[in-house]
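Down below is the structure, laid out as structure tokens.
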Amino acid sequence: MSPKPFTHPDAVPYRPLDWTGQQPPAWPRGSVPQHVAIVMDGNGRWANRRGLPRIEGHRAGETSMMDVIAGAVQAGVKHLSLYAFSTENWRRSPDEVRFLMGFNREVLHRHRDQMNEWGVRIRWAGRRPKLWGSVIKDLQIAEQLTKDNDTLTLTMCVNYGGRIEIVDAVRRVAEDVAAGRIKPQAINEKMIRRHLYIPDMPDVDLFIRSSGEQRSSNFLLWESAYAEYVFLDTLWPDFDRAELWRAIDIYLDRDRRFGGAVDKPQETQR
Ligand code: IPE
Ligand code: IPE
Ligand code: MG
């Protein structure tokens with residue numbers, strides 16, 4: 001298939017998914033996690049350890065992100081959610097915040113055609129208040145451009161916070177109650193789910209965090225209630241598709257019980 005023409009001057013040259021020549025392990029059919037969520041962490045430390053300012057770490061993380069997206073498509077992951085900017089990240093210096101806002105736009109400009117070519121559907125999850133209008137606009141352009149793709153749904157979580165997502169959902173349910181459209185007794189998990197930012201997003205199966213930190217930092221709280229958490233020490237700028245596949249290997253060794261239990265006394269005795 002010949003590549004489509006590029007629509008933006010910053011677009012990177014077209015690359016096939018497997019430009020690195022790496023192939024994912026042959027996992028059993030149907031075993032790959034459907035939804036992988038990643039806290040892309042460790043950019044600042046990566047840069048500071050090299051005597052560079054933090055923003056150089058964010059810059060270096062762009063390659064990791066594209067490699068991981070390609071690796072997710074190769075692996076057959078259907079949903080990938082990436083934490084790009086949290087509702088708490090406004091606490092950073094004005095310079096870093098400004099850089100990150102502009103950088104998010106640049107990354108979309110540079111790679112949206114490439115992702116479109118790979119069959120990636122780009123979506124945005126997050127809050128409007130405070131987020132730069134230009135960032136929202138670029139996210140919407142990417143959503144529009146890629147809306148018919150279904151190889152992988154990439155949710156860019158920008159100005160996203162898990163608690164506020166639940167608060168926003170609850171507020172909308174409360175409005176329905178106040179308007180008499182529903183009764184309080186009718187509120188259930190499904191109803192809250194329907195009011196989250198992306199209602200049809202499936203629950204997270206595999207939750208990865210790079211950089212060695214072992215916390216969720218408010219990422220996809222509702223959606224990750226039964227996710228398997230895998231924490232890898234690699235800093236995000238050193239992360240690549242092989243790391244993603246390593247996390248999937250770890251995930252496949254886990255026993256997901258969802259609260260259930262199977263009685264196997266013989267096995268326990270051994
Ligand atoms: C993650 O890297 C990227 C964003 C939060 C945007 P950090 O910037 O948090 O890097 P560390 O954790 O300080 O090393
Ligand atoms: C979470 O990382 C947010 C993103 C990766 C976008 P942080 O680096 O902001 O989280 P904390 O401060 O270590 O919890
Ligand atoms: Mg961090």
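Remember, it's 1-based here, ligands and their atoms both numbered in the order they're listed. For reference, positions follow the sequence shown, starting with 1.
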If we ignore hydrogens and angles and just use 3.5 Å, is the side chain of [X] paired with the main-chain N or O of [Y] as donor and acceptor?
X	Y	answer
Asp138	Ile141	no
Lys183	Val177	no
Ser86	Gly161	no
Ser224	Val204	no
Asn159	Gly126	no
Asn116	Val120	no
Trp236	Gly61	yes
Asn89	Val97	no

Looking only at protein heavy atoms, identify the closest one to [atom] and say how far it is in Å.
atom	result
atom 10 (O) of ligand 1	Gly44 N, 2.9 Å
atom 6 (C) of ligand 2	Tyr83 O, 3.3 Å
atom 4 (C) of ligand 1	Arg92 NH1, 3.9 Å
atom 14 (O) of ligand 2	Ser217 OG, 2.5 Å

Query raised in the report: Which bit of Asn89 is near ligand 1, meaning a heavy atom under 4.0 Å away: side chain, backbone, both or neither?
Result: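 Side chain only.
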
Query - Close-contact set for ligand 1 against Arg54 heavy atoms, below 4.0 Å - result: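 With Arg54 as reference, the close atoms of ligand 1 come out as 7 (P), 8 (O), 10 (O), 13 (O).
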
Using a 4.0 Å heavy-atom threshold (strictly under), name the region of [X] that reaches ligand 2: side chain, backbone, both or neither.
X	result
Arg45	neither
Glu88	neither
Phe219	neither
Arg91	neither

**Report entry** Contact with ligand 2 for Glu213, non-hydrogen, under 4.0 angstrom
**Finding:** no

Query raised in the report: Of the non-hydrogen atoms in Ile38 and Phe219, which two are nearest, and what is the gap between them?
Result: O-CE2, 3.7 Å

Requested in this report: Determine the minimum heavy-atom distance between Phe103 and Arg110, stating which atoms define it.
Outcome: CE1-NH2, 3.9 Å

Requested in this report: Would you tell me which option among His58, Met40, Arg49 has the nearest heavy-atom contact to atom 1 (C) of ligand 1?
Outcome: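 Looking at heavy atoms only, the winner is Met40.
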
Report task. Give the single entry among Val97, Asn43, Asn48 that approaches atom 2 (O) of ligand 1 most closely by any heavy atom. Result -> Asn43

Requested in this report: Specify whether an N/O/S atom of Asp41 falls short of 2.8 Å from the Mg ion (ligand 3).
Outcome: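 Here the distance criterion (N, O or S atom, under 2.8 Å) is met by Asp41, so yes.
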
**Report entry** Ala84 heavy atom under 4.0 Å from ligand 1
**Finding:**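 Contact present.
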
Query raised in the report: Going by heavy atoms, is Gly42 under 4.0 Å from ligand 1?
Result: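 Distance cut 4.0 Å: Gly42 passes for ligand 1.
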
Query raised in the report: Using the ring of each side chain (for Trp, its six-membered ring), is His58 parallel, tilted or perpendicular to Phe99, with breaks at 30° and 60°?
Result: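 It falls in the parallel class, under 30°.
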
Query raised in the report: Shared ILVMFWY cluster between Ile122 and Val68, side chains joined below 4.5 angstrom?
Result: yes

Query raised in the report: Can you find an N/O atom of Arg215 closer than 3.5 Å to an N/O atom of ligand 2?
Result: yes

Requested in this report: Under 4.0 Å from a heavy atom of Phe85: give me the atoms of ligand 2 that qualify, with their elements.
Outcome: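 Within the 4.0 Å cut-off of Phe85, ligand 2 contributes 6 (C).
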
**Report entry** Polar contact flag for Asp41 and ligand 1 (N/O pairs, less than 3.5 Å)
**Finding:** yes

